[in-house]
Amino acid sequence: MSVVTQPGGDGHTSPKMKRCNNFLCCCLGPDDPTPTPPSPVPEVPRPTSLDVERWKSSFDRLLHCTVGRKHFQEFLKSEYSEENLLFWLACEDLKEASENDIHYKTKIIFDKFISTSSPSE
């Protein structure tokens, strides 16, 4: 977050918080090498500086890191696009499915994300 001054109703300027839209900059502030989560995330450990540096160089590392994925999911919630990550996770789960589960899991993916009547379509 950064502070921006905006004119108040009385003609004076007052500090206002400007929302940051960059997930990684919210994890590490410019003046503080200690990571901070973009929003309060219950029961998810804070990422280390090394974690965040790795995520900056590889999105795949972020997605395959439990802590990174949870923080990224919280960020996506704030951007109203969490369903994109949930779709990806469902597809990743499908890759590991047994032959007996493939039909069942593809139906769930279709119903939840692809069908015109799905909540995430």
Side-chain angles (χ1 to χ4, degrees):
M1 297 274 197
S2 59
V3 177
V4 192
T5 58
Q6 294 181 349
D10 58 359
H12 299 320
T13 58
S14 62
K16 299 282 183 183
M17 295 304 286
K18 179 180 172 187
R19 187 168 182 274
C20 174
N21 288 324
N22 184 328
F23 165 71
L24 291 176
C25 83
C26 292
C27 286
L28 285 178
D31 299 327
D32 182 8
T34 306
T36 56
S39 64
V41 181
E43 301 179 32
V44 178
R46 292 174 65 166
T48 66
S49 297
L50 182 58
D51 287 335
V52 175
E53 286 301 316
R54 287 179 178 155
W55 301 340
K56 283 171 45 178
S57 65
S58 172
F59 187 65
D60 194 50
R61 283 185 179 173
L62 170 74
L63 292 177
H64 287 92
C65 173
T66 304
V67 172
R69 194 170 49 241
K70 289 289 187 186
H71 286 283
F72 186 55
Q73 185 172 359
E74 287 300 312
F75 172 74
L76 290 175
K77 279 182 188 177
S78 74
E79 298 295 315
Y80 304 102
S81 56
E82 177 188 22
E83 70 278 356
N84 296 320
L85 179 60
L86 297 176
F87 175 74
W88 180 82
L89 290 170
C91 291
E92 288 296 302
D93 185 49
L94 181 62
K95 289 179 185 179
E96 304 296 323
S98 68
E99 285 187 41
N100 296 336
D101 291 339
I102 289 178
H103 179 68
Y104 171 74
K105 290 186 179 206
T106 54
K107 173 117 176 71
I108 290 174
I109 290 171
F110 179 81
D111 291 343
K112 189 170 182 179
F113 299 104
I114 300 170
S115 169
T116 56
S117 61
S118 73
S120 299
E121 190 266 329

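Inter-residue side-chain proximity for Leu89 and Arg69 is flagged as met; some heavy-atom pair is nearer than 4.5 Å. You'll find the side chain of His71 stays beyond 4.5 Å of the side chain of Leu62, heavy atoms only.
Between Tyr104 atom OH and Leu94 atom CG the span is 12.5 Å, to the nearest 0.5 Å. Rounding to the nearest 0.5 angstrom, the gap separating the OG atom in Ser78 from the CD atom in Glu74 is 8.5 Å. Taking CZ of Phe59 as the start and NE2 of His64 as the end, the distance is 10.5 Å to the nearest 0.5 Å. Going from atom CD of Glu82 over to atom CZ of Phe72 covers 11.0 Å, rounded to the nearest 0.5 Å. Here the CG atom belonging to Asp93 is positioned 12.0 Å from the CG atom belonging to Leu86, to the nearest 0.5 angstrom.
Criterion: ILVMFWY side-chain heavy atoms under 4.5 Å apart, direct or through other members. Under it, Ile108 and Leu85 are not part of a common hydrophobic cluster.
Across all their heavy atoms, Ser118 and Asp111 have their closest contact at CB-O, 2.9 Å.
Panel note: side chain Ser58, backbone Trp55; no donor-acceptor pair is recorded below 3.5 Å.
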